[in-house]
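Worksheet: the structure to be examined is printed underneath.
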2 protein chains.
Amino acid sequence: MANKEIIVAGILDTKGEEIKFLAERVRAAGGNPTILELSVGHEVGWADISLSDVVKRVGKTKEDIFALDRNAASDLIAGGAIKLVDELREAGKLDGIIAYGGSMGASIATRTMQSLPIGVPKIMLTTMASGDVSPYVGTRDICMMYPIAEAGLNKVTRQVINNAAGAIVGMASAPVMKGIEEKPLIGCMMFGVTTPCVLRASSIMEKAGYDVIINHAVGSGGRSMEELIRDGYITGVLDITTHEIGDEMLGGVLGAGPDRMTAAGDLGIPQVVAPGGLDLINFGPKHTVPERLLKETDQPGRGLYEHNPTVTCIGVSMDEIYRIGEHMAQKLNAAKGPSVLCVPMQGWGACDLATPDIELGWSGPGSGPTWAADMENPRWSRRSVEYVKALKAKIDPNKENLEVILVDKHMNDPDFSDLMAGLLLEMLQGSWSKGNKSALPYVIPF
Amino acid sequence: MANKEIIVAGILDTKGEEIKFLAERVRAAGGNPTILELSVGHEVGWADISLSDVVKRVGKTKEDIFALDRNAASDLIAGGAIKLVDELREAGKLDGIIAYGGSMGASIATRTMQSLPIGVPKIMLTTMASGDVSPYVGTRDICMMYPIAEAGLNKVTRQVINNAAGAIVGMASAPVMKGIEEKPLIGCMMFGVTTPCVLRASSIMEKAGYDVIINHAVGSGGRSMEELIRDGYITGVLDITTHEIGDEMLGGVLGAGPDRMTAAGDLGIPQVVAPGGLDLINFGPKHTVPERLLKETDQPGRGLYEHNPTVTCIGVSMDEIYRIGEHMAQKLNAAKGPSVLCVPMQGWGACDLATPDIELGWSGPGSGPTWAADMENPRWSRRSVEYVKALKAKIDPNKENLEVILVDKHMNDPDFSDLMAGLLLEMLQGSWSKGNKSALPYVIPF
């Protein structure tokens, strides 16, 4: 077995000795280290890949970089390093990456690591590793390791660095898994209010021979799902819970960025979508809800729901859901693969019910906090009706791969769950065609 | 080389499949896995070391455990696991430990890992690894790894688990370091206000052939130093910055637990101590400072100092410093090795000066925010004088290994730094004896 190619990265003008030592220990452990310079202050001249090589990838020279403030410089260095490690990986010259640094070094190095696919070994040694590491880890399989001391080589840090070097080489050398029956993987988005629907649908998929990965729709979950799809892990998507799109548009705290619900469409992967949780905008403790919204809680569907002391939800208004409908329609119009949006007209989650129903998730008293009945057809949610108006205005009716199905059920009704899972199975088996569910008694013409 | 013995731990009644798979991959990577059960709900019966074996170490049966609430149960399981891994390590049957779990599993497993010395390979796979991991990592070299999905075995999680298995075996197999001249290590405590003193003293130690590890006195730093001493890494201690003791006693936020400044004494390791930073109690943003203290800022030495928006300091009062003096005297009386407490009578840090002096750390205007002049000898800090009264009342004068030296200097005066480093060097060379600095012009009789 050839020696594994390990990138050893860091800010060499301040942590040079530590990084040299790390590279030595990678070699001692049987790896082939390549030192990658991420220096922000000056170029040291002894790196295997110099800062100049890095920032050339973003059209800059080291002089350009050193003329900038440290934050602007770090963005460009990370941008260059992301391109560089991608080139190395494509060329088979990157079997793992390890870095050592303080907060700045960790920021640049982990942004670079986050750009690499899941499964590529990644270790970050930093004293930032005993605190909130979410900015460094994001949604990636990055190992964070705490080197005890701030800097310097001594009995303590040498031992930790030696272990880290053994870990990255060991990870890069982990034997290929054999004899495991890898089932195709279904990506699924869940939240408290859609749990009954998601668990039932995922169980149907599992019985049909698929593995299911369920992410929580709390921002990181949606980002991670989009990345898993783009990395090629996902065969089909049950995008049942999409309120991250609403939070992104309306200032809630669970946004997942502007690219939510784009990866499956871009790659032509089958997707069955629903507006799960889109009756809610999510905030932190009640005092963090914008004043403007608190003043509107007497409007239809604008109810406030204090889930617990740290999570407060407020209903999505009729204007807002129209805009969300337009936005989702545009994203779905761009989808290249089979795509169905199923709209449960009787409510979109456990807070969105006309009357208490413990099976559907709301124990009462009274109607759910985000419920607003449609005036013409009070069994339907007014928000659903507004949403459908936007879809009718924007969805491209000529696309044979795209359908909107209106369902006279609540989100958490077993029939709705069965319909979504059934659609995805048909898509995966190639037997789905637009309109083939029209005869079902609870399907309403769009 | 014999296969490395890897403990594979977790809550088997909920994460059993994942942990079995992890153990398989450890074996595939060349390790010898032993599955350690930390189950809170019920015993699975297939573990190599069952929950019953674990809790036997704390005198309990599995029935005792399952009758408790989950938190109480987890404390006992962690207690048993700590004893068990210590036994295994002593017997040469533990070369590394890896665990997989949610928040409860991570809590029990990392408490167990934290009990193992630095250098013993430790990996925790948990979705808690993309958030605030400080409760899990503490001050230890624990690798935290994010498995992307909450639970379940699929293409994504199998790949991350396989990598983690490779990492723990690789870490346990990291080659022994050869040809490195390991210098004896000096432990040193620093904070912003004592930086000039610490850097000068540590540089003296380095020139004399020692390595120096400098920890920040922010709670975790002091805990880590005590642990490093108990783990045998430290040859001598320059405990220049001891305000973690004050914060612990007075409700500040940088306490390091009740055992601060005990390890060196217990192990008989030479220590030179100073009251660096003990003019300050440390809090977070100003609104977090107790009302009671804010009302006393007109009292001598009780000044408020807003270091930045997230760090607010308030002066230690004369009553408080007397109590701190008594407390430190008792700890020093118990010390088994050479111990000198050096008290700089002209102030204890950059906030504690009679007049601005940029070399000593205070640029003015006026005196430092915590300064209070002694009434009889206004060159001395009143706080120092009160502190010395407590020391005189409590320090055991008959101990030949223990001395208090009063120094007519400021903490950040080079002479004070040179004195502390000089004392430690003499202790390490065996040439120190109580009273041998009395002839220095700035030493005041105690």
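Because the structure is a prediction, the values reported are computed rather than measured. Here is the naming used below: chain letters follow the sequence lines, and residue numbers restart at 1 for every chain. Computed from heavy atoms alone, side chains included, the values below leave out hydrogens, waters and symmetry copies.
The OG atom of S220(B) lies 10.5 Å from the CD1 atom of I148(A); values are rounded to the nearest 0.5 Å. Separating the CG atom in N154(B) from the CD atom in E182(A) is a distance of 8.0 Å, to the nearest 0.5 Å.
The choice from G221(B), G170(B), A164(B) that makes the most heavy-atom pairs within less than 4.5 Å of chain A is G170(B). Counting heavy-atom pairs under 4.5 Å between each of E24(B), K183(B), M124(B), R140(B) and chain A puts R140(B) at the top. Taking chain A as the reference chain and counting heavy-atom pairs below 4.5 Å, the highest number among V176(B), D211(B), N163(B) is found for N163(B). Between chain A and the residues N162(B), L125(B), V160(B), the largest count of heavy-atom pairs under 4.5 Å involves N162(B).
Of the atoms belonging to R158(A), heavy atoms from both backbone and side chain fall under 4.5 Å from chain B. There is no contact between K122(A) and chain B, counting heavy-atom distances below 4.5 Å. Neither the backbone nor the side chain of A165(A) has a heavy atom closer than 4.5 Å to any heavy atom of chain B. For A172(A), no part sits under 4.5 Å from any heavy atom of chain B, backbone or side chain. Heavy atoms of A129(B) lying under 4.5 Å from chain A belong exclusively to its backbone. Looking at D132(A), both its backbone and its side chain come within 4.5 Å of chain B, counting heavy atoms on both sides. In this structure, chain B has heavy atoms under 4.5 Å from both the backbone and the side chain of V133(A).
Of the listed residues (L228(B), L185(B), I118(B)), just one forms a side chain to side chain contact (heavy atoms under 4.5 Å, CB included) with K155(A), and that residue is L185(B).
Side chains of F21(A) and I180(B) form a contact here, defined as non-hydrogen atoms less than 4.5 Å apart. The shortest side-chain heavy-atom distance between P147(A) and D141(B) does not fall under the 4.5 Å cut-off. Counting heavy atoms from C-beta outward, P175(B) and R25(A) have side chains that approach closer than 4.5 Å.
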Practice item. Show your working on side chain to side chain contact (heavy atoms under 4.5 Å, CB included) between M171(A) and M145(B) and close with a plain yes or no. Key: CA-CA 12 Å; M171(A) 222 191 284; M145(B) 194 166 173; 4.3 Å; yes
Practice item. Would you check, one step at a time, whether the test side chain to side chain contact (heavy atoms under 4.5 Å, CB included) holds for I213(B) with V156(A)? Key: CA-CA 8 Å; I213(B) 187 165; V156(A) 177; 4.1 Å; yes
Practice item. Check the pair M144(A) / Y146(B) against side chain to side chain contact (heavy atoms under 4.5 Å, CB included), numbers first and verdict last. Key: CA-CA 9 Å; M144(A) 298 292 290; Y146(B) 183 64; over 6 Å; no
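A174(A) approaches G166(B) most closely through the heavy-atom pair CB-CA, 4.1 Å. Taking all atoms of both residues into account, the shortest heavy-atom contact from G138(A) to S130(B) is O-OG, 2.8 Å.
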